[in-house]
Amino acid sequence: MGLVNLPPSRRGGSGLPRPWTLLDLVSFSLFAAVFIFFLLVFTSLGDPLAAAGRRTLAHSSSSDPRQRQRILAVFDAPATFLVRQHLGESVEPVLQACSAEEVDHMPCEDPRRSSQLSRKMNFYRERHCPPPGEAPLCLIPPPDGYRFPVPWPESLHKIWHDNMPYDKLAERKGHQGWMKEEGPYFIFPGGGTMFPDGAVQYIGKLGQFIPIKKGLLRTALDLGCGVASFGGFLLKENIITLSFAPRDSHKSQIQFALERGIPAFVAMLGTRRLPFPAFSFDLIHCSRCLIPFTAYNGTYFTEVDRLLRPGGYLVISGPPVQWPNQDKEWSDLQSVAHALCYELLAVDNNTVIWKKPTESSCLPNQNEFGLDLCSENDDPNEAWYFKLKNCGETSVGSIPKWPERISAPPSRLSLIKNGNDIFEADTRRWARRVDYYKKTLGLKLGNPEIRNVMDMNALFGGFAAALLSDPVWVMNVVPARKPLTLGIIYDRGLIGVYHDWCEAFSTYPRTYDLIHVVGITSLIRDPTSGKSRCHLLDLMVEMDRILRPEGKAVMRDSSESIEKVARIARAIRWTVEVHGGEPESHSGEKILVATKTFWKLPSSSH
């Protein structure tokens with residue numbers, strides 16, 4: 001029997017150890033790399049390395065475009081070493097805090113950008129957002145001394161001074177009853193420039209000419225609202241007022257209003273339509289708002305006319321109404337109201353009250369402003385970055401009194417196939433869902449801790465309607481690229497705005513107690529191509545900006561989408577719980593309930 005002839009070193013028993021070859025070294029290195037990979041992925045040994053990498057991202061400049069791409073890549077990549085980080089576990093944050101100077105930052109109302117723009121028609125005071133992808137990926141910190149807001153309804157009368165320590169408004173307007181500093185609080189007596197004796201007395205006076213207590217009025221718009229005391233005290237009459245003012249030199253008018261728990265947002269009547277559908281409001285009010293209604297051939301007055309319901313009321317208090325040295329302006333204001341066939345109800349000192357005709361527009365007619373009916377191609381409900389026009393619109397059908405209108409199918413549903421059936425099914429669905437939120441998920445809806453609520457994808461306002469008996473108000477947002485259903489929401493006696501969620505919302509940081517959204521990934525998806533128009537991380541950083549510390553975010557979506565949302569939620573310092581849908585739900589949706597943690601900058605940062 002033959003033997004294989006081996007070199008002496010390969011024969012058994014004796015001989016020196018064989019030297020390592022290059023192939024041996026490569027094989028060992030590969031084996032070691034695979035072994036370490038499995039340790040990092042499938043054991044807790046990889047967590048410190050992951051956290052260290054995230055901290056490295058966090059401490060780099062949030063405005064560096066290259067670093068921004070590296071941060072986004074973390075969330076676009078497969079889960080790799082995040083495989084073990086299940087939805088209930090905490091993860092160290094990825095994103096750094098913005099600087100202390102950014103505590104009140106509003107990306108689309110940034111004076112550093114707007115100061116370089118045209119002053120014509122107040123263009124520079126409208127929304128001007130940073131280009132897509134240029135917004136910094138950092139988290140807005142609270143101011144030094146911030147504490148949980150005063151609960152509703154006490155907040156109507158007082159708020160914590162340190163939550164927005166800006167004394168300019170109290171110093172300039174305190175003698176008019178706007179607000180004053182008192183110990184650790186700002187106190188709101190309820191006055192205004194044109195009603196220094198208080199909004200209650202002023203509203204009572206208006207009630208001599210306007211049916212405030214009969215259920216005919218439900219939705220109101222307050223132009224240039226100050227700290228929104230007019231809207232705050234109308235709530236007692238079951239009239240919900242959406243107040244707005246620009247970001248201006250007085251500092252934080254709208255921020256004060258929202259801290260008080262009064263519906264408000266930042267806006268300017270300049271070159272574009274306000275972000276509401278036609279015929280949204282039963283009452284429009286201006287108390288020394290200083291809007292030049294007759295300028296540009298009556299363009300601003302016709303925008304008010306677009307928003308006011310047939311039979312609705314317009315109140316203008318202050319200049320130019322019987323104001324010294326403004327005789328021409330007051331005459332022009334009466335002329336444009338007459339051209340639109342408004343009925344003059346009263347002129348009392350510096351306050352005028354008109355009623356809009358209930359029938360269709362009286363245009364066309366002979367008038368000095370060149371007003372005419374709008375083109376048939378002009379949709380009066382189009383209002384997202386839509387230029388102002390000085391023309392009139394035909395009206396919609398009548399609506400029931402309040403509170404019957406909250407559940408009655410609006411006439412605008414006729415524009416939607418099977419609209420009434422869809423509306424009624426949506427109403428029943430949201431009654432079940434809100435009951436599940438309260439009883440099973442433990443959301444404190446109905447508790448004074450939750451006052452300011454936002455629904456980011458409102459459709460018909462079913463979520464808000466189901467909360468009607470709770471002490472909350474809801475900002476119903478209809479995405480501008482989705483079906484324009486906001487008119488239906490206003491017909492129900494609710495309020496809201498159009499918005500594109502690839503841009504920042506027009507509000508100050510820390511203004512909402514609860515944010516709710518169904519189909520969060522649909523908000524950034526192009527409806528035609530199906531591709532994302534912006535990054536989910538940018539959207540959730542914006543949600544973090546407007547959510548108060550310890551505030552809640554409730555998101556419903558597919559399991560896959562909720563998993564992505566949960567990863568980002570932990571990265572922006574939120575705690576996360578994931579639940580299944582209510583028993584009647586057969587969609588396979590998951591519900592993520594997140595809480596924004598109350599963190600502060602180190603004292604040296606301030």
> Pairs in or reaching into residues 312-324: which pass side-chain hydrogen bond (donor to acceptor under 3.5 Å, both in side chains), with residues at least two apart or in two chains?
Replying inline: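 side-chain hydrogen bond (donor to acceptor under 3.5 Å, both in side chains) check on residues 312-324 returns S317-T351.
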What residues, two or more places apart in sequence or in another chain, satisfy ring-ring contact (aromatic ring centres under 6.0 Å, His included) together with [X]?
X    : result
F281 : F276, Y490
W354 : none
Y385 : none

Which pairs would a plain distance check flag for residues 233-242, meaning a side-chain donor or acceptor within less than 3.5 Å of a matching protein atom at least two apart in sequence or in another chain?
from: E237; atom 1: OE1; to: K213; atom 2: NZ; distance (Å): 2.9
from: E237; atom 1: OE2; to: K213; atom 2: NZ; distance (Å): 3.1

Once salt bridge (Lys or Arg N to Asp or Glu O under 4.0 Å) is applied, what residue pairs with a partner in [range] remain, sequence neighbours excluded?
range            : answer
residues 264-274 : R273-D378, R273-E393
residues 254-269 : E259-R548
residues 179-191 : none
residues 278-289 : D282-R309, D282-R405

>> Can you confirm whether the side chains of K596 and T575 place a donor and an acceptor under 3.5 Å from each other?
In response: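 Short answer, no.
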Pairs under 3.5 angstrom only: tabulate donor-acceptor contacts from the side chains of residues 185-195 to other protein residues two or more places apart or in another chain.
from: T193; atom 1: OG1; to: Q176; atom 2: OE1; distance (Å): 2.8
from: T193; atom 1: OG1; to: W178; atom 2: NE1; distance (Å): 3.2

> Can you list the steps and then say if L269 with L223 is a side chain to side chain contact (heavy atoms under 4.5 Å, CB included)?
Replying inline: CA-CA 9 Å; L269 185 51; L223 315 172; 5.6 Å; no
>> Suppose we screen for side chain to side chain donor-acceptor pair (under 3.5 Å). Which residues come up paired with N447, at least two apart in sequence or across chains?
In response: none
> Who passes side chain to side chain donor-acceptor pair (under 3.5 Å) against W501, sequence neighbours left out?
Replying inline: none
